Amino acid sequence: MEPRANFSLLHKACAVLVALCTLHISVTLLFYLRDTGNENEHARPWPGNGTLRSISNGTSTSTMTSTAVPTTKALEKCPETSPLLVGPINVDFSQPVNLSEMRQDPRVSEGGRYKPRECVSLQKVALIIPFRHRDEHLKYWLYYLHPVLQRQQLDYGVYVIEQDGEDTFNRAKLLNVGYAEALKEYNYDCFVFSDVDLIPLDDRNTYRCFDQPRHLAVSMDKFGFRLPYNQYFGGVSAMSKEQYLKINGFPNDYWGWGGEDDDIYNRLTFRGMSVSRPDGVIGRCKMIRHSRDKKNEPNPQRFDRIAHTRQTMDSDGINSLTYRVVRTEKDKLFTKITVDIGKP
Ligand code: BGC
């Protein structure tokens with residue numbers, strides 16, 4: 001063969017080799033880049049904005065709500081701090097609220113029960129509301145609280161405990177009834193006791209239990225967004241089952257307005273506990289203005305009773321509670337239990 005022909009053949013072979021190498025590098029690069037893209041996609045399967053992107057085929061083609069859960073994977077515990085929180089909330093009592101959309105939410109079940117579908121809640125919380133003749137206030141409470149409790153990723157139920165008849169109101173006894181009745185329905189481990197007219201202004205104020213009894217209504221508009229006094233434990237508070245039992249629940253003998261929350265404060269300090277609170281910004285809350293209820297006048301005996309908590313707390317509490325359930329109603333957004341608790 002001519003040397004010139006040999007050179008031309010070698011040249012062609014080299015050209016083919018270079019072409020093959022280029023093709024190989026390109027294909028490798030292509031696969032590498034595609035895989036890197038998918039890894040980023042898998043790193044954030046639960047975006048904080050409440051929507052989930054479908055990641056099944058590596059491309060983001062559809063959206064679904066955050067309630068959709070992969071069925072094959074066991075649910076993990078919810079995190080300490082929910083990623084769904086938004087912080088400050090706009091609360092306005094000047095306009096009536098409409099609950100119809102909320103009533104259609106398939107995630108809420110009859111009686112005002114909810115649990116997150118994306119994870120297993122850290123606590124099972126019963127919300128107990130002492131109640132009589134405050135239907136308008138209850139609407140606002142349900143309207144603002146359900147979304148907050150859901151963003152807090154709680155497994156919760158709402159119990160409205162209505163005092164039957166028109167005798168003097170007894171808030172603390174109704175709270176005891178709520179504790180007992182809620183436990184008949186579900187194995188709650190935390191109890192949040194809330195007045196019907198108090199709405200939190202920040203969803204970072206989690207309605208759950210802590211190492212110590214929790215006071216949640218720390219910064220009310222009615223008190224100029226401050227604690228009225230250091231021992232104040234009124235409005236909204238939370239206790240685990242264990243903490244509640246340690247103080248024998250609440251007193252049953254405070255008829256009329258005032259003092260029962262101070263008695264509860266005394267009880268928990270006498271049992272060696274202290275009060276846990278959110279900071280004054282997160283703990284802001286708004287009260288619906290109203291005139292004093294009939295049959296809930298200030299209790300003139302309250303000062304004397306508060307002075308004797310130590311002597312009365314072991315015999316007056318959940319261990320001495322008596323009542324009769326008159327009626328139980330299941331609304332989509334709450335369970336209402338009407339009770340005869342007697343009179344002073
Ligand atoms: C009463 C409490 C009440 C507080 C704030 C106290 O004098 O004893 O029951 O929550 O005032 O209004």
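Just so we're clear, the structure is a prediction, and the values are computed from it rather than from any experiment. One-based numbering, in listed order, for ligands and for the atoms of each.
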K.L.:
Within the 4.5 Å heavy-atom criterion, are Glu162 and Val339 side-chain neighbours or not?
P.N.:
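Side-chain contact under 4.5 Å: no.
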K.L.:
In terms of hydrophobic clusters joined by side-chain contacts under 4.5 Å, are Val97 and Val108 together?
P.N.:
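Yes, one cluster joins them.
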K.L.:
Tell me whether the rings of Phe193 and Tyr244 are parallel (<30°), tilted (30 to 60°) or perpendicular (>60°).
P.N.:
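The arrangement is parallel - the two ring planes meet at less than 30°.
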K.L.:
Ignoring hydrogens, what is the shortest heavy-atom contact between Ala180 and Tyr323? Give both atom names and the distance.
P.N.:
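Looks like CB-OH, 3.7 Å.
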K.L.:
Assess whether a salt bridge exists between Asp293 and Arg132, defined as any Lys/Arg side-chain N lying under 4.0 Å from an Asp/Glu carboxylate O.
P.N.:
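Looking at Asp293 and Arg132, the cut-off is not met.
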K.L.:
Between ligand 1 and the protein, find all N/O pairs closer than 3.5 Å and give the distance for each.
P.N.:
residue, atom, partner, partner atom, Å
ligand 1, 8 (O), Gly259, N, 3.1
ligand 1, 8 (O), Asp262, OD2, 2.5
ligand 1, 9 (O), Gly259, N, 2.8
ligand 1, 9 (O), Asp261, OD1, 2.6
ligand 1, 9 (O), Asp261, OD2, 3.3
ligand 1, 10 (O), Asp261, OD2, 2.5

K.L.:
State, with a plain yes or no, whether a side-chain heavy atom of Gln152 is found less than 4.5 Å away from one of Arg208.
P.N.:
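Gln152 vs Arg208: side chains apart.
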